[in-house]
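Residues: numbered from 1 along the sequence shown.
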Amino acid sequence: MLEINLSKAVKSYGFNKVLDEFDLDVTSGERVALIGPNGCGKTTLLKIIAGIEKASSGTVSIRKGDSIGLLTQTPPEVDDNCTVRQVLTRDLGKIYEIEQKILEIEEKLSHCTSDELDDLLHKYGKLRDQFEFLGGYEIDTKINKICTGFKIKPEMLERKFNTLSGGEKTIVNLASLILSEPSILLLDEPTNHLDIDTLEWLEEYLKTYKGTVVISSHDRYFLDKVATKTVLIERGKSEIFHGNYSYYLEENERRIMSEFEDYKNQQKQIEAMKKKIKQLQEWGKLAYPGGVGFFKRAASIQKRLDKLELLDKPETKKELPLDFQISERSGKEVLNVKDLGIILGDRVIFDGADFQVRFGDKVCMMGKNGSGKSTFVKAMLGDVEILDGQIKLGSNVSIGYIPQEIKFEDETATVLDTAREYFNGSETHLRASLAKFLFYGENVFKRVGSLSGGEKVRLKLFELIQKNANFLVLDEPTNHIDIDTKEMLEEALAEYPGTLMFISHDRYFINKLAQRILYIEDAKVDEYLGNYDDYKHQKEKQLELTRNNMTNGRRR
């Protein structure tokens with residue numbers, strides 16, 4: 001059954017046409033992934049489907065009776081007195097209203113007259129039927145399941161919503177949306193701020209979701225697990241792929257190759273026709289005055305050429321010149337962590353943690369949110385005090401660092417001024433280099449404090465390349481950047497000749513780069529050889545061994 005239909009939908013902001021005769025059909029139960037570069041119109045499309053914005057022209061149809069839930073990237077504002085529990089259950093008002101009426105009638109039944117009894121029992125029965133239909137009897141179980149999946153602890157429910165971090169607000173809003181179970185679920189970057197355990201829980205939940213799901217995300221691993229259809233948005237139009245992200249990659253490559261072959265063949269045909277026209281015209285001149293036939297044949301071919309529908313040359317991706325080099329290599333031992341102890345407030349972050357990083361290693365640091373990944377990096381850089389043990393850098397180590405929240409020394413400085421501080425070359429050369437990082441024309445005069453998340457990452461990558469550091473430390477480097485930029489970054493880091501240590505929840509990114517996983521848990525660091533899939537396989541084997549040992553112990 002058709003749930004969502006957009007036909008020739010156009011959406012413009014001033015002279016900027018975001019959607020241009022955009023077509024899309026979504027049927028019941030489909031899980032649709034929206035992909036495309038930042039600014040291509042994914043968020044706009046979700047808002048149009050949700051009815052928050054209207055298309056400039058074209059038709060947008062939603063099946064009658066459907067309920068729509070939208071998760072926005074920025075949590076909506078609520079009153080300062082609003083608790084997490086109130087936000088979590090805000091769409092369950094009808095259930096609680098009926099429950100209150102049932103309780104009121106139960107109270108009346110205990111002391112009603114015989115004349116009132118039949119009427120009260122009739123109302124009571126209708127309310128109980130409504131309550132059951134809306135899932136009232138399962139609501140507490142559902143709330144517990146959702147809270148467990150999103151790691152929303154009971155004590156958190158009583159906190160004021162506005163005291164939460166941005167990530168915690170997103171998690172609560174996502175949990176609230178899923179709890180309300182709309183028939184159409186619209187998710188705009190739902191994986192931001194989720195750790196891997198929560199991501200995996202959400203994947204399993206969405207795969208069995210009874211409704212229709214439309215997701216805008218840059219998390220390729222997540223899209224592979226969840227999506228049944230992928231929609232590429234480019235130049236305001238849609239291209240449909242009936243499969244997940246990996247299917248899209250293969251099919252898109254095949255389509256591009258086919259289009260390029262058609263384009264090349266047409267160009268050859270055009271050249272041959274032009275050559276033939278020129279030849280016939282020359283023959284006509286040589287055969288003058290009897291060369292009229294040659295000119296007629298040339299004119300006939302020219303008419304065919306004029307009517308030819310020209311194929312556009314398939315566009316290639318814009319490439320960022322990401323080429324990380326090192327000015328000189330470090331010693332063999334880059335980082336040595338021994339018996340590390342760190343306490344923040346009343347929390348023990350590390351207690352006797354040990355590990356080493358050697359030159360050329362590509363290491364991913366993983367762990368649940370709050371486990372201490374970013375804290376370790378800050379301690380290594382001298383920004384967090386160490387209680388016990390040591391963090392020792394090797395000889396000749398030079399660090400290039402991208403923090404999770406990128407800030408610049410002077411947030412009021414322009415892109416050009418900020419880049420000039422670490423660029424060795426002329427103004428012309430600097431402007432040309434910044435243009436390759438998509439800072440064109442007037443964009444170089446933007447204040448760095450006003451840049452988008454993706455622009456900040458690009459500017460920071462530009463800075464890293466100039467440094468030629470031999471030890472790159474990256475804290476969630478794929479946050480805020482689109483899939484194309486992620487893939488370029490992966491390729492560049494794979495070729496990087498120095499040492500790489502990065503923190504990430506992007507499992508696709510981890511699989512591409514990691515040679516070793518450092519997993520932080522219970523204030524210790526466990527090591528696993530290989531990438532994310534290797535780590536998962538080893539963890540599953542450990543769990544299976546533990547279960548077998550417990551079973552054998554009970555048998556004894």
Quiz question: by atom type and distance under 3.5 Å, do the side chains of [X] and [Y] form a donor-acceptor pair?
X      : Y      : answer
Lys151 : Thr198 : yes
Asp506 : Ser504 : no
Ser176 : Asn173 : no
Asn252 : Glu250 : no
Thr43  : Asp188 : yes

| query | What is the minimum heavy-atom distance between Met366 and Lys373, and which atoms define it? | reply |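 Shortest heavy-atom contact: C-CD, 3.5 Å.
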Salt-bridge criterion met for [X] and [Y] (N-O under 4.0 Å):
X      : Y      : value
Asp533 : Lys536 : no
Glu200 : Lys225 : no
Lys460 : Glu463 : yes
Arg507 : Glu203 : yes
Arg255 : Glu239 : yes
Asp361 : Arg516 : yes
Lys207 : Glu204 : yes
Arg547 : Glu544 : no
Glu490 : Arg220 : yes

| task | Can you run down the ring-ring contact (aromatic ring centres under 6.0 Å, His included) pairs that involve residues 352-390, sequence neighbours left out, and say none if there aren't any? | result |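 Sorted result for residues 352-390: Phe355-Phe376.
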| note | Here the gap from Asp534 atom CG to Asn531 atom CG, rounded to the nearest 0.5 Å, amounts to 4.0 Å
| field | Leu459/Val415 under side-chain contact (heavy atoms from CB on, under 4.5 Å): CA gap, chis, key distance, verdict | value | CA-CA 8 Å; Leu459 186 55; Val415 170; 4.0 Å; yes
Would you please indicate yes or no on a ring centroid separation below 6.0 angstrom for [Y] and [X]?
X      : Y      : value
Tyr519 : Tyr535 : yes
His242 : Tyr247 : no
Phe509 : Tyr532 : no
Tyr508 : Tyr221 : no

| query | Are Gln466 and Asn468 close enough, and set up right, to give a side chain to side chain donor-acceptor pair (under 3.5 Å), and what steps lead you there? | reply | CA-CA 6 Å; Gln466 316 309 316; Asn468 291 329; over 6 Å; no
| said: Is any side-chain heavy atom of Leu393 closer than 4.5 Å to one of Phe471? | reply: yes
| Take atom NZ in Lys512; do more than 12 heavy atoms of anything else shown fall under 6.0 Å from it? | no
